[in-house]
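Remember, it's 1-based here, ligands and their atoms both numbered in the order they're listed.
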Amino acid sequence: MLELKHIKKYYYVGDSVTKALDDVSVSFRKQEFVAILGPSGSGKTTMLNGIGGLDIYDSGDLVINGKSTKDFSESDWDAYRNNSVGFIFQSYNIIGHLSIIDNVELGMTLSGVNADEKKRKAREALERVGLGPHINKKPNQLSGGQLQRVAIARAIANDPEILLCDEPTGALDTETSEEIMKLIKELSKERLVIMVTHNPTLAKEYADRIINFADGKILDDSNPFVEDTTKDNFELKKTKMTFWTALKLSFTNLKTKKARTALTAFASSIGIISIAIVLALSSGFQKQIDKTQGNTLAQFPVTISQTASKQTAPDTKVKSSNSKKVTAKLSQQEKSTHTNKLNKSYVNYIKKLDPELSKDITYNYSTGMNLLSKVDGKVKTAQFSNTSSSNSMSSMSAAMASSTGVGSSVYPSSNNNGTNFLKKHYKVISGSLPKSENDVVLIVDRDNSTNVNALKNIGMKVKDNQKLDFSKIVGQEFKVVSNNNYYKQVTAGLFTPNTDLASLYDNSDNKTLKISGILKVKSKSSENILSSGIAYSDKLTKDIVDTNKNSDIVTAQKNSDTNVLTGASVDDATTKESLVSYLGGSATPSSILIYPSTFKTKDKVLSYLDKYNKGKKTSDKVIYTDLAGQVSSLTGGLMDAITYVLVAFAGISLVTSMIMIGIITYTSVLERTKEIGILKALGARKKDVTRVFDAETTILGVSSGVLGILIAWLATFPINAILKGLTDLSGVAQLNPVHAIILIIISTILTVIGGHIPARMAARKDAATALRSE
Ligand code: ADP
């Protein structure tokens with residue numbers, strides 16, 4: 001069934017050539033027990049490995065069942081070893097980390113025999129070799145003779161046609177040797193057994209045929225045979241190891257060196273730990289920054305005032321002049337002052353701003369309010385301002401000051417009557433949020449204090465540091481009197497306020513306002529959004545403008561060159577305009593404040609505002625002020641930069657651990673050389689060997705990734721505690737689950753890559769050499 005035709009196998013080491021097989025021709029019967037005798041180094045093992053397909057001959061031909069192996073591919077050899085050949089070695093070659101039964105099953109595992117059949121065949125084989133009672137022992141609990149029996153069971157489990165034994169009794173005592181020889185003899189009744197030995201006594205006692213070997217040549221053959229080589233009845237079943245089998249093999253192997261595996265996993269998880277912590281910190285800081293930015297935005301809305309300053313570069317090229325004349329020139333500052341036309345079309349443009357971008361827009365009107373309050377039964381004039389003022393004339397300028405710009409006590413009504421805006425920054429400590437524009441609120445600081453002048457201005461008798469009950473404030477009512485009721489014309493073009501306040505107060509035309517509640521600043525960052533004191537909706541001022549814009553006094557002021565209240569002459573248009581607008585005669589806002597929803601949408605708001613200016617004359621352009629942008633454009637980029645640098649550093653440690661995994665896999669390859677040989681002898685393909693090591697690195701990669709994430713997650717707690725102590729920021733380090741999963745995947749991929757190269761090296765190892773290694 002087996003025929004060697006002029007087989008040659010030379011080994012070249014340096015300049016010397018070893019003719020391990022030198023033109024060997026011999027045939028074997030389908031069933032016989034052949035012993036190959038010869039001195040050490042005569043080429044016996046080389047021939048055996050050649051027959052078994054572990055070591056491929058240089059020239060000649062090996063004919064199996066009439067089939068030439070000249071054109072055998074690697075996988076044909078693998079399949080041949082797996083299907084047709086069983087190996088028994090002097091040093092047993094049992095894989096120590098596998099159980100006895102797993103060792104016996106290994107060949108069948110490689111050829112994909114199903115679990116039940118595998119188990120049954122393995123048990124049968126073990127019983128046949130007399131190991132039935134020891135089936136549950138571990139390899140390291142067996143004697144040498146028993147180990148050799150396991151090896152025999154493994155060799156015959158798949159019922160091969162050829163059994164190749166390389167000095168099977170070489171490591172055994174005489175008595176055990178006899179037992180093993182009897183066993184092999186029995187097995188030879190069903191198949192061809194070729195046994196290499198240097199023990200002529202044993203050979204003579206058991207073998208049917210003895211071939212003497214010397215210097216790579218057959219010296220004599222006790223029972224030669226000539227094969228009829230006409231028939232080709234050779235068939236191969238290809239082997240295939242599943243990744244699952246590879247995982248199982250690697251897992252049991254790793255289990256035997258738990259401490260080392262744990263250390264390796266830990267060491268290689270350090271890269272993951274550092275990246276995870278950097279990411280956790282940076283996303284935590286980013287969140288804090290976003291929060292701060294949001295707060296900054298709340299404090300510094302995009303502001304569009306009637307006057308804005310253009311950003312112009314100072315004129316540095318001033319040339320000295322010898323002219324005998326003086327040039328009249330506007331100052332740089334005056335030149336850069338730009339008057340915005342906040343007319344109806346601009347207001348309409350702002351009103352069309354996507355509410356997604358900003359829900360809170362305040363329209364300020366520089367109108368005064370004819371406000372009356374009744375305290376202890378006495379009616380007094382009042383004003384919603386927190387500047388100290390007692391005479392009515394200065395109240396005019398005070399009202400003008402408080403109704404423009406940042407720090408105003410006017411809140412945007414655009415979003416749900418202003419309640420959303422108020423809720424975001426304030427909490428109600430008494431009363432309720434305003435339900436309509438006729439409800440006003442008192443804003444207090446975090447220490448419950450409010451501006452004393454604000455209270456004085458609404459008619460309360462309070463002293464500095466005096467404490468007031470909430471009930472004294474909440475529910476307080478005011479009357480807003482229309483211009484026509486409030487001002488009396490004294491002579492043509494001169495008006496004076498009505499002095500009969502009591503009857504004015506009771507006029508049925510009046511609008512009644514009420515302090516609906518007291519609101520307290522929620523956090524430090526919300527301070528200064530509205531100044532402490534009375535705050536009211538911008539809708540209220542709009543209502544007042546609507547009531548008064550056609551009043552007698554407004555009409556008179558519009559047509560007069562004097563101040564209709566004082567009689568003083570007014571010669572410039574701006575002053576006149578502000579007088580008209582103070583009296584409620586101007587329907588255009590004095591300023592518009594836009595509070596973008598998030599930091600990101602602010603850019604869209606700005607580009608929307610820029611779009612308005614496109615193609616317009618300079619004088620028609622509207623220039624806004626973006627204080628928040630000036631403050632925070634620095635921080636965002638900085639954080640990104642820091643994160644990149646830190647991630648890069650952490651990345652270096654990740655690469656380091658990848659190299660380490662490579663080294664560890666490499667040592668594992670060295671350590672498991674023998675196992676690679678065994679696997680190959682059992683018919684494992686190159687791919688399968690690679691798989692075993694890839695599986696090992698996969699296990700290592702996944703576990704080091706998981707371990708790294710776990711440690712990083714645990715580390716966030718002390719880190720947060722420390723940061724809380726240092727900076728008062730809580731919960732900064734937060735591990736994003738998505739980052740965690742990605743990092744585990746990266747760890748696995750990197751480790752597999754790091755281990756794959758040594759794994760490929762392992763696969764390329766020559767099986768015969770691997771088996772010779774100790
Ligand atoms: P035996 O089994 O009879 O002791 P071997 O078949 O092991 O002999 O070896 C035959 C010869 O081939 C020896 O001289 C040995 O040194 C040589 N040899 C075997 N394998 C190799 C190898 N991989 N590289 C170089 N020389 C080898």
Side-chain angles (χ1 to χ4, degrees), residues 2 4-26 28 33-60 62 74 77 81 85-93 148 151 155 162-172 177 180-181 184 192-204 207 209-222 669-670 672-681 686 689 761-774:
L2 251 187
L4 278 69
K5 285 181 173 171
H6 308 289
I7 292 278
K8 282 186 184 168
K9 178 82 189 177
Y10 293 1
Y11 292 111
Y12 301 88
V13 180
D15 290 337
S16 69
V17 183
T18 309
K19 297 181 172 178
L21 293 177
D22 193 9
D23 197 11
V24 175
S25 296
V26 62
F28 299 100
F33 188 171
V34 186
I36 299 176
L37 276 172
S40 182
S42 54
K44 306 183 296 291
T45 303
T46 308
M47 184 168 96
L48 207 65
N49 287 345
I51 293 171
L54 275 178
D55 210 356
I56 314 301
Y57 50 87
D58 295 339
S59 67
L62 174 69
E74 221 168 286
W77 282 118
R81 280 198 304 276
V85 185
F87 280 98
I88 300 168
F89 307 94
Q90 179 179 354
S91 51
Y92 328 130
N93 287 344
Q148 193 61 297
I162 307 161
L163 194 60
L164 301 175
C165 318
D166 194 353
E167 310 221 19
T169 60
L172 300 173
S177 297
I180 294 293
M181 286 311 294
I184 294 174
L192 167 63
V193 174
I194 304 173
M195 178 181 76
V196 163
T197 179
H198 52 244
N199 187 332
T201 330
L202 280 183
K204 275 181 196 118
R209 174 179 173 190
I210 295 174
I211 296 174
N212 267 302
F213 234 79
D215 297 328
K217 285 192 170 81
I218 292 175
L219 281 187
D220 61 65
D221 188 340
S222 70
V669 166
L670 292 184
R672 294 171 75 185
T673 303
K674 197 82 183 234
E675 193 178 322
I676 296 168
I678 299 166
L679 281 172
K680 286 207 161 172
K686 268 186 188 167
V689 177
M761 283 166 52
R764 273 201 298 270
K765 259 190 197 303
D766 178 57
T769 322
L771 280 169
R772 278 176 205 262
S773 76
E774 274 319 313

| message | Within a 6.0 Å radius of atom CG on D220, are there more than 12 heavy atoms belonging to other residues, nucleotides or ligands? | response | yes

| message | With side-chain contact (heavy atoms from CB on, under 4.5 Å) as the test, pick out the partner of V34 among L2, L192, I210, V26. | response |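 Testing V34 for a side-chain contact (heavy atoms from CB on, under 4.5 Å) against L2, L192, I210, V26 leaves exactly one candidate, L192.
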
Are any of the side-chain heavy atoms of [X] and [Y] separated by less than 4.5 Å?
X    : Y    : result
D55  : Y11  : yes
I51  : F28  : yes
N199 : E167 : no
C165 : V193 : yes

| said: Using a 4.0 Å cut-off on heavy atoms, what residues surround ligand 1? Order them by chain and number. | reply: Y11, V13, T18, A20, P39, S40, G41, S42, G43, K44, T45, T46, R772

